[in-house]
Amino acid sequence: MLSGAGISKRKELELFGRERMQDGQEERRRSSSSSSCFVKPSRFAMEEPTAHLYVANCGPAVGIPISVIRDAFSMFGRVTSVLQPAGDSSGSRVYVSYVNVSDAIAARQAWNGRPCDLLQGRVMLIQHAVPQQQQPPVEAQVPVFTLTKDIGIPGLSLYTDFISPEDEQELLTAVDAEQWTTLAKRRVQHYGYEFLYKTRNVDKNQKLGVLPLSVEPVLSKVALLSEMTHAKEPSLPLDQLTVNEYPRGVGLSPHIDTHSAFEGSIISLSLAGPCIMEFRKYKKKTVTPVDEISHVPDLQEMSHQEDGVNDQEVANLRQLNMEMERKALFLPQRSLLIMSEEARYAWHHYIPHHKLDDINGQIVSRGPRRVSFTFRKVRSGPCTCIFPEQCDSQQPHLSTLCPSNDDNNSSESSSKTVPSLVKPFNSVTPEIEKTYVHKVYDAIAPHFSATRFAKWPKVALFLNSLEAGSVIADAGCGNGKYLGLNPKCLFVGCDISPPLVEICTQQGHEALVADALHLPYRTGFCDAAISIAVLHHLSNEGRRVRAIEELLRVVHKKGKVLITVWAVEQEDKNLLSKWTPLTCKYMDEWVDDVGTKFKRNLSTSSLGSIKEGSNEDLKELTLEKDLVEQQEYFVPWHLPYHRAEVGGASAAAVASGLAKKDDTKRAVVYNRYYHCFVQGELERLVSGVPGARIIDQFYDKSNWCVVIERL
Ligand SMILES: O=C(O)CCC(=O)C(=O)O
Ligand SMILES: [Fe+2]
Ligand SMILES: [Zn+2]
């Protein structure tokens with residue numbers, strides 16, 4: 001569009017760019033309390049002063065009638081018109097025209113970026129502009145909100161076309177002019193308060209400043225919407241904004257925004273591209289009667305055989321089938337999502353890490369980028385919601401847990417230059433470990449033990465290097481093959497699997513059932529400790545670090561610890577192709593790939609769907625091998641039928657879907673969860689643990705290994 005001043009479009013854009021920068025700088029100078037303040041320029045902004053002002057964050061939509069605006073601006077001189085811009089769906093911008101340029105300059109100098117007492121204390125962005133043509137009457141421009149119906153989650157609403165493409169472009173231009181913080185997979189910006197990924201909260205004493213003026217039109221529209229819908233929420237004013245930039249294929253792990261951190265609704269505006277957002281509600285687990293469980297006649301009998309697997313255990317196995325209600329919603333570009341009440345407090349929201357989305361059967365490739373603006377209100381007191389199970393105010397221990405699986409977490413909060421920040425330790429064993437490590441080893445223990453006798457020379461070397469009389473802890477001792485290896489030392493073993501510990505004790509070893517994250521030894525009790533092939537079974541970094549901390553805790557000063565883990569860099573490359581790659585580290589994501597294991601009530605919203613058990617991620621992996629380095633795997637364990645008959649746990653395992661029968665191999669196939677380490681990863685984790693000094697590190701037989709000394 002040509003400007004009224006007769007400059008070419010190109011020239012106008014150039015001016016626009018300069019004007020924006022100048023105003024941005026001016027804004028920053030003025031607002032010392034604000035960490036950053038991007039401004040929203042008018043397309044008609046002029047570098048040279050004119051008699052016309054573009055005034056953002058002011059207008060009928062924010063409760064200021066045109067007549068009041070006219071009166072207020074009249075204090076600087078005669079106002080000829082107050083008009084609303086064409087195509088402004090927000091209703092929160094006006095053009096004020098004076099007779100004299102000097103009056104416009106005075107008004108701008110007085111009120112740009114400052115609270116204006118005559119207009120309810122609003123802070124406006126004011127720029128000189130080209131003259132405007134008369135626009136349709138104000139009433140015609142009151143925004144129309146298009147609500148998507150039938151999402152089926154109480155408190156969840158989606159408004160499509162919430163802002164215009166022009167407004168979208170301006171917001172994107174504004175954020176792109178600001179500094180991004182790079183997380184592991186996406187980039188973020190925080191305004192108002194910084195969102196701290198480690199605690200999933202904000203520091204209320206560290207206010208960065210007010211939200212940028214450029215988002216005022218969005219905020220105004222949200223306020224108007226909330227008024228029109230008589231919403232109890234959102235609690236206004238919204239004072240925290242996180243801008244997330246997701247490249248293609250990147251999503252967000254399931255989480256509920258911390259109750260104690262934010263009150264009222266969570267509001268998210270999708271820009272630059274659409275995405276699928278999935279909502280998940282975990283249902284209380286119910287015990288299924290045993291007789292409904294088994295459908296495998298030839299294995300069915302075994303649940304009552306000699307190893308004491310009883311009905312209750314079978315039922316427990318069944319209980320692992322987490323019941324989860326899922327609904328998928330397609331968030332179009334420029335839509336506004338409002339999560340209130342149950343949707344906000346009780347449902348997890350999740351963006352799958354996919355490059356392709358299945359929208360009602362149609363495979364849609366995601367665009368190169370999605371940028372979301374998530375607005376929240378920082379909470380002042382404790383949360384008193386009616387969802388205590390998810391409420392960290394009402395169950396304070398929840399606040400110490402990281403979300404089960406969140407890449408939104410502190411490992412991401414580190415920029416690339418601070419690699420040692422990790423997720424907080426999660427004291428609750430994730431389901432993926434319970435199901436795909438503990439249960440599996442329990443079920444395969446005798447067979448596993450029978451095949452695990454070869455002692456690894458490097459471990460033997462380490463154990464034999466220790467002084468006679470040393471007390472050595474073997475944390476995750478398995479069948480106890482290293483216990484007693486150095487006869488001059490005293491070995492104490494522990495393992496999470498009772499059947500494996502039983503095998504150790506039957507052989508006269510000292511062994512206990514314990515968890516690698518809570519070793520059953522006094523601090524400084526041991527002279528040395530080993531952790532052989534254990535850490536790769538822990539499903540997040542916080543837990544892996546915690547296990548290292550525990551190993552160091554139990555050895556005294558100068559005590560040594562040997563840790564070995566499976567490497568991604570396997571010597572036998574063919575092996576990798578026999579494993580099932582998990583596209584995400586955590587259960588909530590990988591269940592998509594093995595959907596049959598977890599019977600869930602999946603429902604489809606009017607706009608989007610996810611097919612149960614669809615192998616989207618796997619498909620994508622085949623299509624797009626360059627996605628990310630694959631570190632999460634299911635590694636199969638083939639338990640021969642004749643072995644599976646011993647004990648009987650396999651009957652229940654097959655019945656519950658934990659294991660599968662493979663008649664061609666005449667084996668029951670279990671999957672074990674592995675996080676394979678990349679080169680340098682183990683060292684990185686160790687070096688983040690205080691009091692640890694790496695004295696040796698090496699790669700051997702497809703394992704990464706370190707020897708650490710406690711300082
Ligand atoms: O990208 C989005 O729309 C959601 C972001 C989100 O859930 C969050 O930052 O907590
Ligand atoms: Fe969120
Ligand atoms: Zn709550």
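Counting starts at 1 for both ligands and their atoms, in listed order.
Within ligand 1, counting atoms from 1 as listed, the ones closer than 4.0 Å to a heavy atom of Arg370 are 1 (O), 2 (C), 3 (O). Close contacts between ligand 1 and Ser372 involve ligand atoms 1 (O), 2 (C), 3 (O) [criterion: under 4.0 Å to a heavy atom].
Counting heavy atoms from C-beta on, the side chains of His259 and Gln390 come closer than 4.5 Å.
Counting heavy atoms under 4.0 Å from ligand 1, residue Tyr246 touches it through the side chain alone.
Nearest-heavy-atom check against atom 9 (O) of ligand 1 across Asn244, Val188, Leu271 picks out Asn244.
When the N, O or S atoms of His349 are ranked by distance to the Fe ion (ligand 2), NE2 comes first.
Inspection of the Glu632 and Tyr673 side chains reveals an N or O donor paired with an N or O acceptor under 3.5 Å.
Contact analysis leaves Thr242 out of contact with ligand 1, as no non-hydrogen atom separation drops below 4.0 angstrom. For the ligand labelled ligand 1, residue Arg376 lies inside the 4.0 Å heavy-atom shell.
For the side chain to side chain contact (heavy atoms under 4.5 Å, CB included) test, residues two or more places apart in sequence or in another chain that qualify with Ser270 are Leu331, Ser335, Arg370.
Sorted by chain and number, the protein atoms of type N, O or S within less than 2.8 Å of the Zn ion (ligand 3) are His259 ND1, Cys383 SG, Cys385 SG, Cys391 SG.
Scanning all heavy atoms of the two residues, the minimum distance from Ser220 to Asn57 falls at OG-OD1, 3.8 Å.
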